[in-house]
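First up is the structure itself, then whatever we jot down about it.
Values below: every heavy atom of this structure, side chains too, minus hydrogens, waters and symmetry copies.
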Amino acid sequence: MRNDRIGEAAESASDRIDEVASRSPRLEGAPPRISGGEERILRIFPYFVITVLIIWAAGVAYLGDYTISKMIEVLCLSFTLCFAILGVPLSQMMPHGAFSGWILLGMAIFLTIILWGFSPFTGTFYFAEAIADILGTVGVYLPPLANDIVGFLGTLAIVLFTSIGVTSVISAYLRKYIPSVLMSMNQHARDGVRGKSETFFMVPDIIDVEEVVLELPEKNHAFDVRAAFSITVYLFVMGLLVSSYLFVNPYFLEVMSWKTMLAITLMLSMFTPALILPWQIFRSIGAKVKSEAHRDYYLWQGAKSRLFTTFAALGAFMMMFLLSVYLGNDVGAIINNYLSFLVPLLVTSVMYGTLYVSFFEVRDREIIDERFQKVQGNRAPRLESV
């Protein structure tokens with residue numbers, strides 16, 4: 001009954017969003033704006049990582065602080081800011097989405113305002129401080145109002161363009177390698193062996209894989225609210241799991257400053273989509289194992305189980321929290337640290353969920369299906385989604 005109500009609410013929300021999206025000129029037969037984008041991303045990304053590491057090393061040398069905590073903080077900040085810079089040109093390579101880029105910008109501004117408005121409750125906001133510190137290192141000191149304006153615009157750029165940069169890179173790698181993974185599983189099935197792919201997707205040993213097929217569900221909406229909500233929730237939960245090992249870990253509370261821990265978790269919240277989006281796209285394309293079993297085995301379920309479980313996340317948090325309190329750490333400080341991170345985590349989770357479903361998911365599905373069927377040699381008949 002509860003699932004039915006959730007489904008009805010998602011369907012109603014999707015209908016309303018369709019009305020807004022239908023007014024977007026991008027839906028009126030515009031071709032995908034992705035020609036050559038994937039190849040360029042895959043070609044330049046290794047050099048991008050090397051460049052970030054060089055910037056990081058130069059930043060650490062300039063600061064002259066070689067402590068582990070400071071080196072980690074500068075590394076996290078370097079990746080976040082460099083991905084924001086990378087996201088600017090990649091925003092021109094994105095597929096056309098359900099909405100125009102102006103609506104995406106408006107949402108990014110709205111989320112940045114939420115971040116900015118919440119910062120007084122925690123005393124500071126990390127990105128604004130980091131931008132002020134960067135300007136200070138090159139001798140630029142702005143008056144308070146100008147510093148706030150620059151901090152807000154810098155935060156907006158990180159919310160918008162870092163998300164675009166990270167999602168574009170992940171999407172390019174998914175389109176490149178998922179068809180190969182599926183074909184390797186089919187090859188293993190023909191050879192009668194079990195490879196690393198079967199192990200990763202936790203295909204039960206009692207299942208003899210006969211074939212991997214795609215069951216693309218019909219897309220009746222320009223924007224899938226349920227998929228966006230699912231990505232947002234799992235990104236948030238994954239962020240909570242990761243932050244539990246930092247903010248309530250007694251060791252890290254002793255050796256790392258609040259700023260360092262916040263820098264690490266903020267960067268991780270930017271890059272947890274690399275863990276969530278792969279199994280989400282396996283769910284979107286309906287990749288499943290056919291065997292003699294009565295039910296087909298969907299690969300996304302194995303990928304999700306491989307990643308985490310709710311009980312494991314809750315258990316890790318409670319264990320660390322109780323241990324921290326037992327060792328005398330301030331409960332109020334722990335809660336304040338969490339609140340400092342939860343709002344940015346929620347904002348980035350919403351941004352990634354909306355961005356991927358609106359601009360990337362449909363195109364990823366189409367390209368992966370096309371390449372998989374092409375390698376297969378013949379197009380299998382479509383199966384009705386259940």
The remaining residues in the hydrophobic cluster of Ile55, counting side-chain heavy-atom contacts under 4.5 Å among Ile, Leu, Val, Met, Phe, Trp and Tyr, are none
Can you name the residues that form a side-chain hydrogen bond (donor to acceptor under 3.5 Å, both in side chains) with Ser180, not counting sequence neighbours? none
CD (Glu361) and CD1 (Ile231) are apart, to the nearest 0.5 Å, by 6.0 Å
Got a sec, which residues hit side chain to side chain contact (heavy atoms under 4.5 Å, CB included) with Thr354, two or more places apart in sequence or on another chain? Met107, Phe223, Val350
Side chain to side chain contact (heavy atoms under 4.5 Å, CB included) involving Val169 - partner list, sequence neighbours excluded: Ile41, Phe45, Phe83, Leu86, Leu90, Tyr173
Which distance, rounded to the nearest 0.5 Å, do you find between the CD1 of Ile368 and the OH of Tyr177? 13.5 Å
Rounded to the nearest 0.5 Å, what's the gap from CG on Leu42 to CZ on Arg175? Could you check? 8.0 Å
Report all side-chain donor-acceptor pairs from residues 156-168 shorter than 3.5 Å, counting only partners two or more places apart or in another chain.
| from | atom 1 | to | atom 2 | distance (Å) |
| --- | --- | --- | --- | --- |
| Thr162 | OG1 | Thr80 | O | 3.1 |
| Thr162 | OG1 | Ala84 | N | 3.4 |
| Thr162 | OG1 | Ile158 | O | 3.1 |
| Ser163 | OG | Val159 | O | 2.6 |
| Thr167 | OG1 | Ser163 | O | 2.7 |
| Ser168 | OG | Ile164 | O | 2.7 |

Residues Val212 and Asn186: closest non-hydrogen pair is N-OD1, 2.6 Å
Set of residues satisfying side chain to side chain contact (heavy atoms under 4.5 Å, CB included) with respect to Ile54, sequence neighbours excluded: Ile50
Taking atom CH2 of Trp56 and atom SG of Cys76, what is their separation to the nearest 0.5 Å? 10.5 Å
Output all residues satisfying side chain to side chain contact (heavy atoms under 4.5 Å, CB included) with Ala61, sequence neighbours left out; order by chain, then residue number. Tyr66
Partner residues of Tyr352 under the side-chain hydrogen bond (donor to acceptor under 3.5 Å, both in side chains) criterion, sequence neighbours left out: none
Arg371: partners by salt bridge (charged side-chain N to carboxylate O under 4.0 Å, His left out), with sequence neighbours left out: Glu38
Set of side-chain hydrogen bond (donor to acceptor under 3.5 Å, both in side chains) partners for Thr272, sequence neighbours left out: none
